[in-house]
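The sequence lines fix the lettering, A, B, ..., with proteins before strands; numbering per chain opens at 1.
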There are 4 protein chains.
Amino acid sequence: MDSPSDARSRILDAAEELFAGGGYDATPTARIAAVAGVPKGLVFHYFPRKIDVLVSLVDERTLVTEEDPEPGDPARALSTLARRLPLTASPSMRRILFREADTHRSVKDRIHGLNSELIRRARFALELALPGGRGDAARLEAAAATFAAVLLYQESIAHLTGHTIDADVVADLIATALFG
Amino acid sequence: MDSPSDARSRILDAAEELFAGGGYDATPTARIAAVAGVPKGLVFHYFPRKIDVLVSLVDERTLVTEEDPEPGDPARALSTLARRLPLTASPSMRRILFREADTHRSVKDRIHGLNSELIRRARFALELALPGGRGDAARLEAAAATFAAVLLYQESIAHLTGHTIDADVVADLIATALFG
Amino acid sequence: MDSPSDARSRILDAAEELFAGGGYDATPTARIAAVAGVPKGLVFHYFPRKIDVLVSLVDERTLVTEEDPEPGDPARALSTLARRLPLTASPSMRRILFREADTHRSVKDRIHGLNSELIRRARFALELALPGGRGDAARLEAAAATFAAVLLYQESIAHLTGHTIDADVVADLIATALFG
Amino acid sequence: MDSPSDARSRILDAAEELFAGGGYDATPTARIAAVAGVPKGLVFHYFPRKIDVLVSLVDERTLVTEEDPEPGDPARALSTLARRLPLTASPSMRRILFREADTHRSVKDRIHGLNSELIRRARFALELALPGGRGDAARLEAAAATFAAVLLYQESIAHLTGHTIDADVVADLIATALFG
DNA sequence: AATGAATGAGGATTCATTCAT
DNA sequence: GATGAATGAATCCTCATTCAT
């Protein structure tokens, strides 16, 4: 009834749900199999080691996309960046990304890539708006890094503190600081 | 030879080191005992359940301090906040705090308290500088939350991305945004 | 592309190599298939149970040949026996024979047959040289068994100890002992 | 009730019996525990890895003893060697030694040591009887190696073929061959 | 005949926790 | 208090074997 890759997908679905919920270490492979509705052995058929489930999840279900923003109003450019995060990933995948950063190199690498791309784009958006590179490089760098941090951790902040940050207002704030 | 509390301290020292390094789940109590140089049984003598080691660590080795800033220049007030984080905790304890936020309620509560206090103080510092509460409440809130986020996650950012953020420059940025 | 029996042969080739190397128990059927370059299912197509691979190997790739020696000089007759072992089997098959003697009856039976034939021929060669069955039967029996043991285990001895035994010298020794 | 090392001994007893019977690979640790009458976990308390059971068995329950034979009649000296094997080991340990030679280096090393000592002593016994080193060195070497092989493999031969070899007769044979 | 996904029993190993001394 | 042997549930993983296609 199932297509061959159907079971594999269901395993990844289950793992995504469970890793996001209880964490990698706290999730037995048997639990993954049960939630996926497949026999225990099939998990190891597709993923020889448990860690391969996590690695495959990150490999296949998060994607850091590189794209340059349009020139224009810096506050709007940052807002757009916030809305179109250069990360194709479900909310659960984003939680997994941060929680399991120390579980396997590939996870940390993906976060690193994401943060770099966020900073790169924020910096680029701000530079486009600056006439002729005027202004303080350190302040621009800090502004880009700050905005990246807000975007990167907004999910985590919300999860840990219940506090949400409005990225649009932060974008406006940063634009104001740099461009008056 | 050792005083009783000496062994207890050494156990907590070892746990702090190991939890920060490999995480709570990945650290066997036997390893804690070995690193602490005490017999395995003694760990359970002082901490009946493994989770008690983590809880005690957070209870005894992180402290969210409440204190109001002096009125004055907002940028300097924020910088001071950055330098005197309302958290008495070693770098490893800070890493444990974030990594194990989902391991036990008490950890998440501590982070929550820390974030609240950070926001409260940042807000207070900015309000003191604002003549009579003038200005946009939403922007002030976002500014406080942003600064708190930068402080809260700077360690994590550095660990995950190798990128450091200069809190002083961010303080200056935020002050500029709000006060021109 | 391959003829059916081609695949079957390659499976046996692979099994021979792997059983000789790591032993029967330590060799997964999947490994046999991989080394043979055939899909896993095909192994079970030809050999319904894993043990059938071993049994077929012994059945088809070892052969205890029965043949009577020429009458003549006993030392030369024994030397000839050493050189023309009544066992048609590659070195790997010989190692498998001894290592897996307890894995399946058919293996032990084959060794038993080989040993019996070795003793029978050694005895026969010595009897031919003895005028009219003179001499001590027990000594003749021990001589035959000793020579058989040397031949049977020379491979094993070399493998385990690095020590080689020159069968010709042993043949001469035994002839000297019996015939002066 | 049990002395601390009592359980450990019972585990080794059980392992000795089971390894001799069915072989190392075919013996689950759970079976060892059951036969020893101890809980599964205790096996791993004393022997972190299954292979450590085998290694400990060989280390502690086989001993290759070095001792020089008395000068005298060579046939009797060899017979004495046969009766006082330079190996302190139960029959089961001897079977384990040969069967598991390829399972772990330490086993093969022990056999190697045993074989060397057997050859050394047989050679020594024969040299003592030879007036002034007269005679062919190659024949003496082959004689010693042959006798060592008979002693080394008599147990294995009996097990595999049901045929027993009388070491005394072989000793006599060899003495006759060398000394007439 | 050929294939590889599917299955699940079994097995090594880990580890928190207990407890007698 | 202090200790390390004892316990067994839980977990990852292996692998022979089946079976639909």
Numerically ordered, the residues 33-45 of chain C set in heavy-atom contact under 4.0 Å with DNA chain E is C:Pro39, C:Lys40, C:Gly41, C:Leu42, C:His45
Could you tell me whether D:Glu100 and C:Arg99 make a salt bridge, using a distance below 4.0 angstrom between a side-chain N and a carboxylate O?
no
F:dT17 phosphate, OP1 or OP2, under 4.0 Å from C:Arg49 side-chain N/O:
yes
Which is more 5' along DNA chain F, the nucleotide nearest A:Asp25 or the one nearest C:Tyr24? Just name the residue.
A:Asp25
Look only at the side chain of B:Asp52 and the backbone of B:Arg49, and say whether a donor-acceptor pair between them is shorter than 3.5 Å.
yes
Round to the nearest Å and state the distance from A:Arg31 atom CZ to F:dC12 atom P.
12 Å
From B:Val35, B:Ile32, B:Thr29, B:Asp6, residue fulfilling side chain to side chain contact (heavy atoms under 4.5 Å, CB included) relative to B:Ile11:
B:Ile32
Would you say a side-chain N or O of C:Tyr46 is under 4.0 Å from OP1 or OP2 of E:dA1?
no
Could you name each residue pair satisfying side-chain hydrogen bond (donor to acceptor under 3.5 Å, both in side chains) that touches residues 13-22 of chain A, not counting sequence neighbours?
A:Asp13-A:Arg61, A:Glu16-A:Arg61, A:Glu16-A:Ser90, A:Glu16-A:Ser92
Whole-Å distance separating the CG atom of D:Asp6 from the C1' atom of F:dG4
16 Å
Quick one: B:Phe47 CZ to F:dG1 P, roughly how many Å, whole number?
12 Å
Taking side-chain contact (heavy atoms from CB on, under 4.5 Å) as the definition, give me every residue that meets it alongside D:Asp59, ordered by chain and number, with sequence neighbours left out.
D:Val55, D:Arg110
Is the distance from OP1 or OP2 of E:dG11 to the nearest side-chain N or O of D:Thr29 less than 4.0 Å?
no
Atom-to-atom span, CD1 of C:Ile32 to P of F:dT17 - whole angstrom:
11 Å
Pairs flagged by salt bridge (charged side-chain N to carboxylate O under 4.0 Å, His left out) wherever residues 21-47 of chain A is involved - sequence neighbours left out
none
Parsed dot-bracket for DNA chain F after applying the Watson-Crick and G-U rules with both distances under 3.5 Å and | for other-strand partners is .||||||||||||||||||||
Rounding to a whole Å, what distance do you find between D:Asp52:CG and E:dT14:P?
11 Å
Nearest-Å distance for atom pair CZ/C1', residues A:Arg10 and E:dA6:
12 Å
The complete set of ring-ring contact (aromatic ring centres under 6.0 Å, His included) pairs with one or both residues in residues 20-41 of chain B, sequence neighbours excluded, reads B:Phe19-B:Tyr24
Is the distance from the ring center of D:Tyr153 to that of D:Phe98 below 6.0 Å?
yes
Let me spell it out: for each of D:Pro28 and B:Lys50, pick the nucleotide of DNA chain E with the closest heavy atom. Which residue's pick is nearer the 5' end?
D:Pro28
Verify whether one side chain among A:Tyr46 and A:Ser56 offers a donor that lies under 3.5 Å from an acceptor in the other.
no
